[in-house]
Amino acid sequence: MNKTYEMSTQPAENPQVSTGMKALLLVLGIILIATTLRAPITSVGPLVETIRLDTGMSHTLAGLLTTFPLLAFAVVSPIAPKLARRWGMEKTLFSGVAAVTLGIVLRFVPSVAALFAGTILLGLGIAVSNVLLPSLIKRDFPLRVGVMTGIYSVSMNIFAAIASGVSLPVSNHLASGWRGSLLIWGILSLIALIVWMPQLRYAHRTGEVRISSKSSIWRSKLAWQVTIVMGLQSFVFYSVVSWLPEILTDRGMSGSTAGWMLSLMQFFSVPVTFFVPILAGRFKNQRGLVVGTFLCFVLGFVLLLSGWNAIVPVAVVLVGIGTGAAFGLVTMFFMLRTRRTEQAAELSGMAQSVGYLLAAVGPLLIGLVHDLSGSWTTATSVLLIVAIVYMLAGWGAGNNTYIEE
């Protein structure tokens, strides 16, 4: 493992701390930051109706509680590499986690304005970590990219699934209700801040992320293929998370069972997000993994379209495997399709900017198609079309080549 501070022109500030301890703190810091990247958002979904009734806001306004973070991702993602160039990777990540913590605290304030301000602020902070963590892994773990990406992805997704499952029960047992339930996730981000602090001392003094002001990455065909893959897998994931329960209840399934089907999908995605990056790092090209992901999507959606409730668990497991594999794969593309740390940061910023715009559009489009057609069959068919386009873009993104300088 090559740690950046070993290449610094400055001596380590604390020679008593071993390289092994520094590496352990770095890995632990990455894991803890990853736990803050989805839980503050997925914890909101099960509480939306409770929040709406308590605050008196409309359905449309309540829906913005999950849309605003995605829009924040889209806005900040291209800027994050530039912030890292100015402040350094470690300090920028620290600032991002601090913004998440402050945003979570703001949501606890008994004010609708504070609720939305906190939601936007935590979205901005999460966006910074979303972009920079993959490039940090590429820089500091060049020989363990697949394993570290898997660890980062699993940490993020398992806490996302836990948050969506426990937020409502927890709110029922707290005097502060839903506000207290949302505040709990600030404990994770606060711990992440504390554990990350040593990285501010070990931070690389020279050779930090340097982003050319005349970057050509937005003109690269390969970069756009990776970006489309990122966008479409986000489109599928957030569309399914938004509408799967209603699709199933519309077919006669109870609300609680439909909720468990969504949890089943997310939990099955967790192990896949660990193993797929490792496999991707070992293959010369990743086209086979792209095809496998595509087949999971297609089979899952076809089974959902069949209308047979008995096979819904199989369908959601397949979709869960597909979403987990797609996320792990596209995260690896940020590193496998680039030669330098700063280029990986640029690609990550570009892909996540466009990707999360598509993610924000996805649930709205699927809902609109349903309203216009009056059928969830038509709406689900749109996801099949998206999966096909994902496959075409992924075929190019999975080729063993690099974005040209």
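Because only heavy atoms are used, hydrogens play no part in the values below, and waters and symmetry mates are left out as well, while side chains stay in.
- For Asp54, the side-chain hydrogen bond (donor to acceptor under 3.5 Å, both in side chains) criterion is met by Trp178, not counting sequence neighbours.
- Side chain of Lys221 to backbone of Gly396: no donor-acceptor contact under 3.5 angstrom is found.
- Side-chain atoms of Thr42 come within 3.5 Å of backbone N or O of Ala160 as a donor-acceptor pair.
- Using a distance-only test at 3.5 Å, with no hydrogens or angles considered, a donor-acceptor pair links the side chain of Arg107 to the main chain of Pro40.
- For residues 338-383, the ring pair (Phe, Tyr, Trp, His ring centres under 6.0 Å) pairs, not counting sequence neighbours, are Phe73-Tyr356, Trp243-Trp376, His370-Trp376.
- Of all the heavy atoms in Leu183 and Val105, the pair that sits closest is CD1-CA, 4.0 Å.
- Here the side chain of Ser239 pairs no donor or acceptor atom with the backbone of Val236 at under 3.5 angstrom.
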Side-chain donor-acceptor distances from residues 187-196 under 3.5 Å, at least two apart:
residue, atom, partner, partner atom, Å
Ser189, OG, Thr101, OG1, 2.9
Ser189, OG, Gly186, O, 3.0
Trp196, NE1, Glu90, O, 3.1

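- Of all non-hydrogen atoms in Ala393 and Ile228, the two that sit nearest each other are CB-CG2, 3.6 Å.
- No donor-acceptor pair closer than 3.5 Å links the side chain of Arg339 to the backbone N or O of Glu404.
- For the pair Ser95 (side chain) and Lys91 (backbone), a donor-acceptor distance under 3.5 Å is present.
- Within a 6.0 Å sphere centred on CZ of Phe268, other residues, nucleotides and ligands contribute 12 heavy atoms or fewer.
- The side-chain heavy atoms of Trp185 and Ile162, taken from C-beta on, include a pair separated by under 4.5 Å.
- The side-chain heavy atoms of Leu115 and Ile51, taken from C-beta on, include a pair separated by under 4.5 Å.
- Under the side chain to side chain contact (heavy atoms under 4.5 Å, CB included) criterion, Pro277 pairs with Thr149, Met332, sequence neighbours left out.
- In this structure, CG in Leu83 is found 8.0 Å from CG in Leu132, a value given to the nearest 0.5 Å.
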TODO: Might you work through the side chain to side chain contact (heavy atoms under 4.5 Å, CB included) test for Gln225 and Arg337, ending with a clear yes or no?
DONE: CA-CA 11 Å; Gln225 288 171 329; Arg337 301 287 86 91; over 6 Å; no

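- With hydrogens and angles ignored, the 3.5 Å screen pairs a side-chain donor or acceptor of Ser269 with a backbone N or O of Gln266.
- When each of Val170, Asn172, Val44 is checked for a side chain to side chain contact (heavy atoms under 4.5 Å, CB included) with Ser181, only Val170 meets the rule.
- Sequence neighbours left out, the pairs with a member in residues 91-129 that pass ring pair (Phe, Tyr, Trp, His ring centres under 6.0 Å) are Phe68-Phe116.
- Closest approach of Met156 to Arg38, counting heavy atoms only: CG-CG, 3.4 Å.
- Residues Leu182 and Ser167 form no side-chain contact, since every pair of their non-hydrogen atoms from C-beta on lies 4.5 Å or further apart.
- Using a distance-only test at 3.5 Å, with no hydrogens or angles considered, no donor-acceptor pair links the side chain of Gln199 to the main chain of Gly29.
- Of the inter-residue distances, the one linking Leu358 atom CG with Leu365 atom CG reads 10.0 Å to the nearest 0.5 angstrom.
- Sorted by first then second residue, the ring pair (Phe, Tyr, Trp, His ring centres under 6.0 Å) pairs that include residues 276-333, not counting sequence neighbours, are Phe297-Tyr390.
- A donor-acceptor pair under 3.5 Å links the side-chain atoms of Thr338 to the main chain of Phe334, judged by distance alone.
- Side-chain atoms of Asn399 do not come within 3.5 Å of backbone N or O of Thr401 as any donor-acceptor pair.
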